[in-house]
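Right, one structure below, let's go through it.
Computed from a prediction, not measured in an experiment: that's the story for all the values here. In what follows, every chain begins at residue 1, and chains take the letters A, B, ... in the order their sequences are listed.
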2 protein chains.
Amino acid sequence: MSGHHAARGRRATERKGDLRERAILDTCEALLAEKGYEAMTVGDLAQGAGITRGALYFYFGSKQEVVTALVARTVEHLWERSLTTARSEDPRRAVAAAMRRTVELWNAHGLVMRTAIDLSLTVPEIGALWDRTADLFITAITAVLERAGVPPGEEPDQASSMGRALCWMIERSFYHASQESPERLSRASATCEHIWLTSAGLTS
Amino acid sequence: MSGHHAARGRRATERKGDLRERAILDTCEALLAEKGYEAMTVGDLAQGAGITRGALYFYFGSKQEVVTALVARTVEHLWERSLTTARSEDPRRAVAAAMRRTVELWNAHGLVMRTAIDLSLTVPEIGALWDRTADLFITAITAVLERAGVPPGEEPDQASSMGRALCWMIERSFYHASQESPERLSRASATCEHIWLTSAGLTS
DNA sequence: CCGGAAAGTCTACACAGTGTCGAGTTTTCT
DNA sequence: AGAAAACTCGACACTGTGTAGACTTTCCGG
């Protein structure tokens, strides 16, 4: 609860601390890939960023806060780019475009996204971040379903519920596939796309 | 790696230790519900089972081992009952039966199943256990798809891939829904059933 | 029913990682 | 220049883990 960088808003000149902060986050991402969340200690983090543990605690209150910030950074970057998805006329094209976009996202940020999913239970902050992200996807999927003629509503055979289920299918399929290889990811994507289309009544 | 109860096979008379072991596992399940995996310490576990930490380490090497044993116990119980699923003639009935069965499972053991999913990444033992469970489900779903006329094979529009994707959809939907309420769980179930049927070409 | 082995239990200890404190140094702004 | 803010560090207290070794209880063959 020490008010350090919460008070530091956008700034003209770049503080030394902004550098450090970025270094910490980058180190965190690297260590996450290298040894995983559990095994990564605050000491490792500090060492990787070239400072001592004490100094790190000036920037972040805990390991969880560091990871939360990393997830926030990634997820923000993700929100910006995903708003242009829904604007295609043909639902079939919209689905294909959305899936392509999502594959790119997972190829680029799979590690952080998997971490976010893993920690959403134990770290409420990350849970909230990820829920919001999922909602974005659910809304997008639901919109496409409705455009394809699925009636709106919360009943099992209506768009909203189906959108949610399909989102979870994609999340989980990609979670597993992105752990394996980009190749598996694109196969998983094709499968999900097919089920999505079928569910929307767009059987070729 | 201390050879204590690994050597103790099935036994006519029930050792005192078997009692303890069960007490520990029961306590573990209770604590998991009460405070979650992270917050639960080995001390809590021991206290709940009415012994000291030292005594607990006689039975299990670590907190992870306790939880692994709990997951194993639950999942075994689960394997036994799920083998009778595939024997219905009408695919529509088979799907309905499978979903009903799965809802029961999640209502009864949702907590342990969610824990298993959460830990499958960090605890390889649990990962293996859960993978095997998932494979069971995937195989069952795939079988029903094929019986309904979906061609077998690994291509995106063929049974095997679709079975996997549908399994993940169900897992994730149930994971979230079972956290909320039995009511949400049954709604999620209905949605998943609808998508499954549609994917199998069994549109009413 | 006795005596040794196996099973079970406990207290004490060593260790690793966390988070905090207060005293210093550097940077920034005026 | 000089005060305030930003930043850094080493040392400390605390919590939880896993291990060691001594002790008690239970089992079971002779």
Side-chain angles (χ1 to χ4, degrees), chain A residues 1-28 31-32 34-69 119 122-123 125, chain B residues 1-28 31-32 34-69 119 122-123 125:
Chain A
M1 217 39 79
S2 43
H4 40 290
H5 65 16
R8 178 169 80 228
R10 276 293 129 243
R11 185 103 201 161
T13 68
E14 190 160 73
R15 302 279 223 208
K16 190 154 135 213
D18 296 333
L19 261 287
R20 290 279 193 231
E21 211 167 305
R22 225 164 334 124
I24 294 170
L25 258 36
D26 292 343
T27 304
C28 180
L31 285 178
L32 235 34
E34 187 183 324
K35 40 169 55 183
Y37 176 77
E38 307 273 358
M40 172 182 73
T41 81
V42 178
D44 296 335
L45 238 24
Q47 186 177 352
I51 53 178
T52 60
R53 276 174 6 89
L56 191 146
Y57 275 103
F58 176 78
Y59 295 100
F60 299 98
S62 66
K63 190 169 77 166
Q64 293 197 347
E65 267 189 34
V66 176
V67 179
T68 302
L119 296 180
T122 43
V123 186
E125 296 260 15
Chain B
M1 216 43 80
S2 46
H4 41 288
H5 65 15
R8 177 169 82 228
R10 275 295 128 242
R11 186 104 198 161
T13 68
E14 191 160 72
R15 302 286 226 202
K16 189 154 131 212
D18 296 332
L19 260 287
R20 290 282 194 230
E21 210 167 306
R22 226 167 331 126
I24 294 171
L25 258 36
D26 292 342
T27 305
C28 180
L31 286 178
L32 235 33
E34 188 183 322
K35 40 167 56 180
Y37 176 78
E38 307 274 358
M40 172 181 72
T41 82
V42 178
D44 296 334
L45 237 24
Q47 186 177 353
I51 53 179
T52 61
R53 278 178 1 94
L56 191 147
Y57 275 105
F58 176 76
Y59 295 100
F60 299 98
S62 65
K63 189 169 77 167
Q64 294 197 346
E65 268 189 35
V66 177
V67 179
T68 303
L119 297 180
T122 43
V123 186
E125 296 260 15

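Residues satisfying the side-chain contact (heavy atoms from CB on, under 4.5 Å) test with Ser62(A), not counting sequence neighbours, are Gln64(A), Glu65(A). Here Ala55(B) pairs with Ile51(B), Thr52(B) under the side-chain contact (heavy atoms from CB on, under 4.5 Å) rule; sequence neighbours left out. With sequence neighbours left out, the side-chain contact (heavy atoms from CB on, under 4.5 Å) criterion links Glu34(B) to Leu31(B).
Distance CG (Asp18(A)) to P (dT27(C)): 15 Å, rounded to an integer number of Å. Spacing between atom CD of Glu38(B) and atom P of dT15(D) amounts to 19 Å, rounded to whole angstrom units. Atom CD of Gln47(B) is separated from atom P of dG16(D) by 12 Å (rounded to the nearest Å). In this structure, CD1 of Ile51(A) is placed 17 Å from P of dT26(C), rounded to the nearest angstrom. If you take OH of Tyr59(A) and C1' of dC9(D), they are 13 Å apart, rounded to a whole angstrom. Here dA7(C) presents its C1' atom at 14 Å from CG of Leu19(B), a figure rounded to the nearest Å. For the pair Leu56(B) CG and dA7(C) P, the interatomic distance rounds to 18 Å; values are reported in whole Å.
With values rounded to the nearest 0.5 angstrom, Thr122(A) atom OG1 is found 5.0 Å from Leu119(A) atom CG. Rounded to the nearest 0.5 Å, atoms CZ (Arg20(B)) and CD1 (Ile24(B)) are 8.5 Å apart. With values rounded to the nearest 0.5 angstrom, Tyr59(B) atom OH is found 12.5 Å from Leu25(B) atom CG.
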Practice task
Could you walk me through whether Leu56(B) and Leu45(B) pass side-chain contact (heavy atoms from CB on, under 4.5 Å), step by step?
Solution key: CA-CA 8 Å; Leu56(B) 191 147; Leu45(B) 237 24; 3.7 Å; yes
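Residues in residues 42-58 of chain A take part in these salt bridge (Lys or Arg N to Asp or Glu O under 4.0 Å) pairs, two or more places apart or across chains: Lys35(A)-Asp44(A).
Nearest nucleotide to the side chain of Phe58(B), out of dC9(D), dT11(C), dA7(C): dA7(C).
Taking 4.0 angstrom as the limit, Thr52(B) places a side-chain polar atom (N or O) nearer than this to OP1 or OP2 of dC10(C).
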Please write out the pairs of protein N or O atoms and N or O atoms of nucleotides 16-19 of chain C separated by less than 3.5 Å, giving the distance to one decimal.
from    : atom 1 : to       : atom 2 : distance (Å)
dT18(C) : OP1    : Val42(A) : N      : 3.4
dT18(C) : OP2    : Val42(A) : N      : 3.2
dG19(C) : OP2    : Tyr57(A) : OH     : 2.8
dG19(C) : N7     : Arg53(A) : NH1    : 3.4
dG19(C) : N7     : Arg53(A) : NH2    : 3.0
dG19(C) : O6     : Arg53(A) : NH2    : 2.6

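Defining each end axis of the helix from dC1(C)-dG30(D) to dT30(C)-dA1(D) as the rotation carrying four pairs' C1' atoms onto the next four, with five pairs an end, the two axes are found to diverge by 10° to 10 degrees.
For the pair Ala49(A) and Thr27(A), the tightest heavy-atom approach, listed with the atom from each and the gap, is N-OG1, 3.7 Å.
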